[in-house]
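Remember, predicted model here, so these are calculated numbers, not experimental data. Starting from 1, each residue takes its place in the sequence as its number. We count ligands from 1, going down the list as the structure has it; atoms in each ligand are counted the same way.
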Amino acid sequence: MKIAVIGTGYVGLVSGACFSEFGFDVVCVDQDAGKIDQLKAGKIPIYEPELDTLVKRNTERGRLSFTTDLPRAMVGASAVFIAVGTPSRRGDGHADLTYVYAAAETIARELKDYTVIVTKSTVPVGTGRRVAEIIRKTNPSARFDMASNPEFLREGSAIGDFMRPDRVVIGCETEAARAVMRQLYRPLFLIETPILFTSLETAELIKYASNAFLALKISFINQISDLCDQLGANVSDVSRGIGLDGRIGPKFLHPGPGYGGSCFPKDTLALMKTARDAHSPLSLVEATVSYNDDRKLQMADRISTALNGAPAGKTVAILGVTFKPNTDDMRDAPSLVIVPELMKRGAKVRAHDPVGIDEARKHMPDVDYFGDPYAAMEGADALVILTEWNSYRALDLTRIKKLLKTPIVVDLRNIYRPDEMAAFGFEYTSLGRPSVEPVARVKGVA
Ligand code: NAD
């Protein structure tokens, strides 16, 4: 079977590469000629672990190819996946569907034989039907069915998530469409992945409800961690204590600087808009969004407090600028709020990130970037850990102590232990865990 995937970003490229790995013929299409040229030359435009190997293997086997030419890509395709971006629309937070509708019109003009048109992009409830209307209007004789197949992969572990998902959700309403989708996901049926067939609207809503729930869970533990700070409780133990309850589960219970990334911020806003328009507002999601916005600024306050309330004229070394580890994606990263806020308060910022510097530079050109984490710390008044890259988990603390002008560490991912940091003489601030007096100060040495 042959498929075409429109949009060769994080989702389209990963989906296309994985479907080709399953054995299907896949043509990935993008309107960005630069991106397609890179892919044709064997270069992967994004950082995603293992993606390069998968793309290389399947292009060599002739099952995966790249083009800007949608009409050619569609020849003989049984399914066309729409995996274009759906960013927030300026002003009202609704998903901007310009790219989806533009793709729908182009597809419509090229439809020849029966084809299943699949929305893989995250799209508000009703979009699938709207796409069908556009196709019918543009090409009244087209033979097609719509399907909604939202994607749940996480950047940083996208290949594993696609190949071994918790579930696959498929909204479609004809047996013909179900048959095509079933065949495409047959390799996952074989490993007993739950596959849910639903209506178009239900599939579209499942995606938003999942992301909103996860955003809410993260915000919940962030608020609990603030409460721990006030009460002297330890959020790591609270997380473990509640996460061991099978009804709650341990994931997404790690406090941090607020959620970010290409999905949660825009998808919560879009769901809020959908719910308000449907006269069924989601007050829990609204509270989550507003708390998360505040949280990022609160993190700037914490860093200022660690600098004795006087960030002006101080130098802050930041480790990690991407919204999470194992990706170069900077979309809505908490660093994009926290770092400019520190600079607004008069601090100078030096930063390191294992793969995100090129992207970060586009958004925050006034930061000094370093290719080595220790170089970023040299002479800084404080070190802030903002993204929990694995390479930051076992830093040389003795070396850091020597490099920093003052031994202040603000760990917004709780990757170090307060007692360990105190033993090295750091004034260490983390989230929701009682601090321990630095050893040197306890002894009255420094
Ligand atoms: P992206 O911005 O990385 O990629 C989108 C690509 O689509 C771009 O390369 C763009 O050039 C291309 N494009 C836009 N219009 C086009 C057209 N008419 N023809 C051909 N190409 C076109 O986006 P992404 O992160 O891959 O997200 C895509 C969708 O998947 C979004 O709806 C997003 O919410 C959803 N999603 C993303 C993730 C994630 O982790 N990134 C996870 C699940 C779902």
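Between the choices Asp96, Val123, Leu70, Val84, the shortest heavy-atom distance to atom 22 (C) of ligand 1 belongs to Val84. The residue among Arg331, Lys35, Lys266 with a heavy atom at the shortest distance from atom 33 (C) of ligand 1 is Lys266. Taking only non-hydrogen atoms, the option from Ile107, Val11, Thr86 nearest to atom 32 (O) of ligand 1 is Thr86.
Taking the side chain as every heavy atom from C-beta outward, Pro87 and Tyr99 approach each other to under 4.5 Å. Considering only heavy atoms from C-beta on, Arg413 comes within 4.5 Å of Pro257 through its side chain.
For Glu105, the CD atom is densely surrounded, since the number of other residues' heavy atoms within 6.0 Å is greater than 12. Counting non-hydrogen atoms of neighbouring residues, nucleotides and ligands closer than 6.0 angstrom, the OH atom of Tyr114 exceeds 12 such neighbours. Shown here is Glu175, whose CD atom has more than 12 heavy atoms of other residues, nucleotides or ligands within 6.0 Å.
Counting heavy atoms under 4.0 Å from ligand 1, residue Ala83 touches it through the backbone alone. Counting heavy atoms under 4.0 Å from ligand 1, residue Ser262 touches it through the side chain alone.
Classification of the Phe19-Phe162 ring pair by plane angle, with boundaries at 30° and 60°, yields perpendicular. Classification of the Phe264-Tyr259 ring pair by plane angle, with boundaries at 30° and 60°, yields perpendicular.
For atom 35 (C) of ligand 1, the closest non-hydrogen atom on the protein side is Thr122 OG1, 3.4 Å. Scanning all protein heavy atoms for the shortest distance to atom 5 (C) of ligand 1 gives Gly85 N, 3.6 Å. Atom 4 (O) of ligand 1 has as its closest protein heavy atom Gly9 CA, 3.2 Å. Residue, atom and distance of the protein heavy atom nearest to atom 21 (N) of ligand 1 are Gln31 N, 3.2 Å.
For ligand 1, the polar-atom distance check finds no N/O of Asp32 at less than 3.5 Å from any of the ligand's N/O atoms. When only interatomic distances are considered, the shortest N/O to N/O separation between Asp267 and ligand 1 does not fall below 3.5 Å. The shortest N or O to N or O distance between Asp30 and ligand 1 is below 3.5 Å. For ligand 1, the polar-atom distance check finds no N/O of Arg154 at less than 3.5 Å from any of the ligand's N/O atoms. In terms of polar-atom proximity, Glu151 is not counted as a contact of ligand 1, lacking any N or O under 3.5 Å from an N or O of the ligand.
Side-chain contact of Ser141 with Asn139: a donor-acceptor pair under 3.5 Å is present, judged by distance alone.
Those atoms of ligand 1 that come under 4.0 Å of a heavy atom in Gly7, given as number and element, are 6 (C), 7 (O), 12 (C), 21 (N). Here is the list of ligand 1 atoms found below 4.0 Å of a heavy atom in Ile6: 19 (N), 20 (C). Residue-ligand proximity, Glu155 to ligand 1, at heavy-atom distances under 4.0 Å covers atoms 39 (C), 40 (O), 41 (N).
In terms of heavy-atom proximity, Phe24 sits nearest to Gln183 at CZ-O, 3.4 Å.
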query: Checking side-chain hydrogen bond (donor to acceptor under 3.5 Å, both in side chains) for the pair Asp69/Thr67: CA distance, chi angles, key distance, verdict?
result: CA-CA 5 Å; Asp69 186 350; Thr67 182; 5.1 Å; no

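Of the candidates Val321, Val367, Asp368, Val349 forms a side chain to side chain contact (heavy atoms under 4.5 Å, CB included) with just one, namely Val367.
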